[in-house]
Number of protein chains: 2
Amino acid sequence: MNNECCYRLRPVLIDIFGIFHFTREGSPSNRYVLLKGYDERGFTFFTNYSSRKAADMETNPNVAVVFYWCPLRRSIRIEGTVTKLSREESETYFHQRPRASQIGALASPQSQVIPSREYLDKVENEIKQKLGESEEVPLPDWGGYLITPRTIEFWQGQTNRLHDRIRFRKSEEDVDDKSIHRGENGWVYERLAP
Amino acid sequence: MNNECCYRLRPVLIDIFGIFHFTREGSPSNRYVLLKGYDERGFTFFTNYSSRKAADMETNPNVAVVFYWCPLRRSIRIEGTVTKLSREESETYFHQRPRASQIGALASPQSQVIPSREYLDKVENEIKQKLGESEEVPLPDWGGYLITPRTIEFWQGQTNRLHDRIRFRKSEEDVDDKSIHRGENGWVYERLAP
């Protein structure tokens with residue numbers, strides 16, 4: 001059973017997250033994006049810098065992310081702000097991707113209306129012929145973002161609807177040791193009603 | 001294999017969706033919410049009307065939803081606006097839920113900071129004792145929302161990153177029969193670059 005859970009969790013745990021942000025028209029938008037890494041600074045992902053989500057983040061750097069592991073009934077929610085990674089970091093990661101994915105990223109004007117599937121295949125084939133088998137795929141307008149978290153909430157589902165919710169947030173104030181407790185490195189944590 | 005896919009899809013397909021919307025501070029927020037129904041009007045879900053997401057939707061009724069089925073590499077994204085369902089619809093659905101869930105909804109001041117797990121259990125027990133075994137659980141500040149969709153996008157993942165994206169949107173204009181095609185009931189559809 002444990003093994004089965006691990007197996008099922010893998011694609012979700014390692015490869016997927018949902019992210020969203022404002023659009024310019026004042027309406028939210030969301031999508032699933034691959035989580036590529038995390039460290040003490042925060043969480044990183046990569047996308048097309050000309051995509052709608054990149055334009056949205058340019059206008060408003062506030063984002064929110066949710067992970068969910070169905071078999072465990074666990075969820076993590078993150079809210080924070082994005083900044084672009086350096087061109088070097090983006091370039092390094094871009095060239096680690098499968099060559100077909102690199103060419104695909106170059107071929108596709110992400111989020112633009114296109115006339116047909118054939119149009120995309122044609123552009124892709126032109127790029128393939130131009131580059132041949134071995135020429136390095138040039139970096140398109142594409143790269144990484146770092147999410148610096150402001151709040152992180154851990155949710156554990158229970159059978160009777162009284163789920164557990166523990167929220168961590170960056171704060172130097174408000175600690176009362178009754179409801180709000182001091183964590184490490186400037187974080188406090190508190191329990192929320194489910 | 002097909003059977004396994006169905007089995008794995010079930011909890012995602014029937015029971016889960018991700019929804020998000022603005023917060024009052026201008027930052028987005030998201031979470032997983034149960035999809036309870038859909039018809040020609042749109043998509044329905046239920047929540048605590050005193051929760052943070054309810055307050056957010058009061059301020060800005062624009063929401064976005066994403067579904068994702070990992071084994072099929074398929075995703076659906078919906079953007080639209082929410083309106084509250086009638087009290088009758090909310091009450092009817094509330095009393096169809098398991099009694100423990102009804103009591104849990106009554107006991108929990110959703111999204112508020114609470115001192116401990118024990119606090120919640122205590123409130124729940126007080127309500128249980130007061131109501132006894134059979135008294136109807138009164139409807140708390142809780143009910144349904146209808147999402148009226150403005151755009152619906154269907155995404156099908158492909159192996160080479162050149163995924164298929166077909167977006168439907170409500171529009172009476174723009175149809176050129178090259179990139180933008182006429183659907184039914186005031187919808188048009190178009191292909192987006194992945």
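Every chain is numbered from 1, with letters handed out A, B, ... down the list of sequences.
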request  = Give the cluster check for A:Leu162 versus B:Ile114: same hydrophobic cluster or not, with ILVMFWY residues linked at side-chain heavy-atom distances below 4.5 Å.
outcome  = yes

inquiry  = At a heavy-atom distance under 4.5 Å, which candidate from A:Gln102, A:Glu124, A:Arg99 has the highest pair count against chain B?
reply    = A:Glu124

inquiry  = Is any side-chain heavy atom of B:Gln110 closer than 4.5 Å to one of A:Arg165?
reply    = yes

inquiry  = Other residues, nucleotides and ligands only: do more than 12 of their heavy atoms fall within 6.0 Å of OH on A:Tyr38?
reply    = no

query = Can you get from B:Phe46 to B:Val137 by hopping between Ile, Leu, Val, Met, Phe, Trp and Tyr side chains that sit under 4.5 Å apart?
reply = yes

ask   = Given that the side chain runs from C-beta out, which part of A:Ser116 has a heavy atom under 4.5 Å from chain B: side chain, backbone, both or neither?
value = backbone

Part of A:Arg97 lying under 4.5 Å from any heavy atom of chain B = side chain

request  = Identify whether B:Leu139 and B:Leu131 are in the same connected component of the hydrophobic contact network (ILVMFWY, side-chain heavy atoms under 4.5 Å).
outcome  = yes

Region of A:Asp164 that comes under 4.5 Å of a non-hydrogen atom in chain B = both

remark   = Scored by heavy-atom pairs under 4.5 Å with chain B, the best of A:Pro98, A:Pro61, A:Ala105 is A:Ala105

note = Turns out that what part of A:Glu153 lies under 4.5 Å from chain B's heavy atoms comes down to neither

inquiry  = For chain B, which candidate among A:Pro109, A:Gly104, A:Pro115, A:Ser108 shows the most heavy-atom pairs at distances under 4.5 Å?
reply    = A:Ser108

Chain B contact via A:Arg117 - side chain, backbone, both or neither, heavy atoms under 4.5 Å = both

ask   = Would you find more than 12 non-hydrogen atoms of other residues, nucleotides or ligands less than 6.0 Å from A:Glu58 atom CD?
value = no

Least distance between heavy atoms, B:Pro194 atom then A:Leu120 atom = CD-CD2, 3.5 Å

remark   = Heavy-atom nearest pair, A:Val113 first then B:Ser179, reads CG1-CB, 3.7 Å

request  = Select, from B:Ala193, B:Ser111, B:Ser101, B:Ala100, the one with the greatest count of heavy-atom pairs under 4.5 Å involving chain A.
outcome  = B:Ala193

ask   = If you group Ile, Leu, Val, Met, Phe, Trp and Tyr by side-chain heavy-atom gaps below 4.5 Å, do B:Ile147 and B:Trp187 land in one group?
value = yes

request  = Can you check whether anything in residues 83-95 of chain A gets within less than 4.5 Å of chain B, heavy-atom wise, and list it by number?
outcome  = none

query = According to a 4.5 Å side-chain heavy-atom criterion applied to Ile, Leu, Val, Met, Phe, Trp and Tyr, with indirect links allowed, do B:Ile152 and B:Val65 form part of one hydrophobic cluster?
reply = yes

